Amino acid sequence: MPHWHPALSPPRTPGRLMSDESKNETSIETHEAPEELEISSEERASIRAQRLDRLAELREGGVNPYPYRFERSSDIGPVREEWSAIEAGTETGAVARLAGRLMLKREQGRLTFGQLRDRSGEIQLFVSAGVLGKESFAEFNQLDRGDWVGVEGEIMATKKGELSIKVTTWELLSKALRPLPDKWKGLADVDARYRQRYVDLTVNPDARRVFEVRFAAVDAIRQVLRERGYLEVETPILNLQQGGATARPFITHYNALSIDTYLRIALELPLKRLLVGGLDRVFEIGRVFRNEGIDTRHNPEFTMLESYEAFADYNDMMVLVETLVAAAAVAANGTTVVGMRGASVDLAPPWRRVSMVELIREIVGVDINPAMDLAAARAVLDGLGLEWKEHWGPGRCTHEVYDELVEPKVTEPTIVFDHPRETSPLAKPHRSDPSLVERFEVIVDGRELANAYSELNDPIEQLARFQEEAAHKAAGDPEAGDVDLDYIRALEYGMPPAGGLGIGIDRLVMILAEVESIREVILFPTLRPENSLTEDDFPPRSNT
RNA sequence: GCCUCUGUGGCCAAGUUGGUUAAGGCAGCGGACUUUUAAUCCGACGAUCGUGGGUUCGACCCCCACCGGAGGCACCA
């Protein structure tokens, strides 16, 4: 154990950041420049090296460049709001203590302007040599753009009317060793933006905007569901069996039990077990994992909302999904209207509702349905130039036409209902057509945004459907699920009739934020390893 | 996995019939300035052009391989 703890170090005077000795050293250095040639030019130019030197100076001067806390009077945003109306030249007499990152610094002789930013907003710092005193003023000017600082001072407006804090005391809260990107252009390199999201968020307002949309949308969804009596729950991410969707899973190993486990590909089965247990309205917003490719619409880990409501059916889910999406849009953007490839689309309910078979007829001009003769269904695909596989029935064929030729052409929010029974192993048979299930998808901008069923709660039928899937898996389909016998057992205790809904949160945010890549809405998207970054990029301070 | 494009100092970015010192801006450094707001002005500095090979008298530029990124296809609800 160290005998000295930094938390116990005595408080220092704010603003005393540089000793007179070090100033003298600087001036001597200039005179002795010819003898300094041993410092490599690269080293002298390195901003990081300069800042390491600065850090050492601070410590030698008794200043901790990474102190513990700073007492603030409020966030910056509220100060701006409260005092937005004051006239140019006003001195309010009110004092604020604020903290944030120093985003800009404009030195003006014996006067320096800064821009201080926290999450809530930005405010100008008015830093005058006359107010601070020569020493503290000089030390303030030693701050770098990107440093975190705390300030105290009077709220005032400059001659030009800019709301400012006339700084009387200040304190370095964290020294930045690396410089921020271009103050005007920001960070443009998308690779760097994704890998170093912290920098992206610091300097690119658009990045902040996208995530504000995301947080507001998710928040609104939670709020609507809670208002309706839904309970938010958490279910396992490590699963012993694969189920709830068709997708290739990630497999990992659990040492203590010596078993392989799957990362979940859906939330569905555990949530429906909770319906059995009497938690009659539940939802989870959680990460799911699919071991598939990365593109503008897919990330291997992404966020799903799934909600289940007892005593409801898929018609109720249609109303719910409309409500949720509209609420998310309003919370995020203040309107249900979003731009989409130049056009604008209104997400306000009600949305168009159309059956899959009808929509295929409308858009493709062919009749195909899951009840028709298999040979006839194959002939339709042949006529459309689509390929079919031996084990597909007419239902799968119908779905293929829909996926390939219909979905991409739907822009306006549309509820496409009554899917083939064959492709929906967890949905309840249609109450009036045994070839169909009570299921719908929401399509917006050619993409599937949501998926919902009247949930299958007949244990006998569910077991039969699982066995069909397991047969596919045994035949080599890595996406087919397992027979989840515990789930069947749960159903045998009785699951109430229920409607279930799943929404792809990332895709919803893409629509609301009007961005084209899923990576723009995920804080840390999956990327290949960055093997160019090594410890050599973090040299210690040189001994010159 | 395949195809196309792409990788220039901390950041933005110019640079083609391959030609000698690789523009410019921001940041940083030195100086001036008490009302700036991407402050401005003056000065000096900073790059083995993603990595490794090859072609050539000569390569940021042409060829090959590898690494990273973007888009598309395939795969995939």
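As the structure is a prediction and not an experimental result, all values here were calculated from the model. Reminder, nothing fancy here: chain letters follow the sequence lines and each chain counts from 1.
Distances from the side chain of A:Glu107 to the nucleotides B:rC29, B:rU37, B:rC33 place B:rC33 closest. With distances taken from any side-chain atom of A:Lys159 to the nucleotides B:rU35, B:rG10, B:rA39, the minimum falls on B:rU35. Among the nucleotides B:rC12, B:rG10, B:rU35, the one closest to the side chain of A:Pro179 is B:rG10. Out of B:rG69, B:rC11, B:rU34, the shortest distance to the side chain of A:Val190 is found at B:rG69. Listed nucleotides B:rC75, B:rG28, B:rU34 differ in distance to A:Arg110; the shortest reach to its side chain belongs to B:rU34. Taking the side chain of A:Leu111 as heavy atoms from C-beta on, and the options B:rU37, B:rU34, B:rC76, the nearest nucleotide is B:rU34.
Residues A:Glu412 and A:Arg352 are not paired through a salt bridge, judged by the lack of any N-O separation under 4.0 Å between the basic side chain and the carboxylate.
Between the NZ atom of A:Lys166 and the P atom of B:rU34 there is a distance of 16 Å, given to the nearest Å. One atom, CZ of A:Arg48, and another, C1' of B:rG10, lie 12 Å apart when rounded to the nearest Å. As a whole-Å value, the separation of A:Phe113 CZ from B:rA39 P is 11 Å. Taking atom CD of residue A:Glu404 and atom C1' of nucleotide B:rC75, one finds them 12 Å apart after rounding to whole Å.
Under 3.5 Å, the side chains of A:Asn451 and A:Arg439 contain a donor-acceptor pair of N or O atoms. Side-chain N/O atoms of A:Tyr402 and A:Glu400 include no donor and acceptor closer than 3.5 Å. Side chains of A:Thr112 and A:Asn141: a donor on one and an acceptor on the other come within 3.5 Å.
Here A:Thr296 reaches the OP1 or OP2 of B:rG72: one of its side-chain N or O atoms lies under 4.0 Å away. Between A:Lys185 and B:rC26 there is no side-chain N or O to OP1 or OP2 distance below 4.0 Å. Using a 4.0 Å cut-off, some side-chain N or O of A:Arg519 falls inside it from OP1 or OP2 of B:rG71. The phosphate of B:rG28 (OP1 or OP2) has no side-chain N or O of A:Arg178 nearer than 4.0 angstrom. For A:Arg528 and B:rG69, the shortest distance from a side-chain N or O to OP1 or OP2 is below 4.0 Å.
Applying the Watson-Crick and G-U wobble criteria (two distances, each under 3.5 Å), B:rC62 pairs with B:rG54. Base pairing of B:rA38: no nucleotide in any strand meets the Watson-Crick or G-U wobble criterion (both distances under 3.5 Å).
Taking the P atoms as reference points, B:rG31 lies 42 Å from B:rA59, given to the whole Å. Taking the P atom of each, B:rU16 and B:rC62 are spaced 10 Å apart, rounded to whole Å. To the nearest whole angstrom, the two P atoms, one in B:rC60 and one in B:rU55, are 16 Å apart.
Note: A:Phe440 and A:Tyr314 have tilted aromatic rings, judged against thresholds of 30 and 60 degrees for the angle between ring planes.
Both A:Gly161 and A:Ala192 lie near RNA chain B, and the one whose nearest nucleotide falls closer to the 5' end is A:Ala192. When each of A:Asp189 and A:Tyr402 is assigned the nucleotide of RNA chain B with its nearest heavy atom, A:Asp189 is the one assigned upstream, toward the 5' end.
For a distance-only test at 3.5 Å, the side chain of A:Asp182 qualifies as a donor-acceptor partner of the base of B:rG25.
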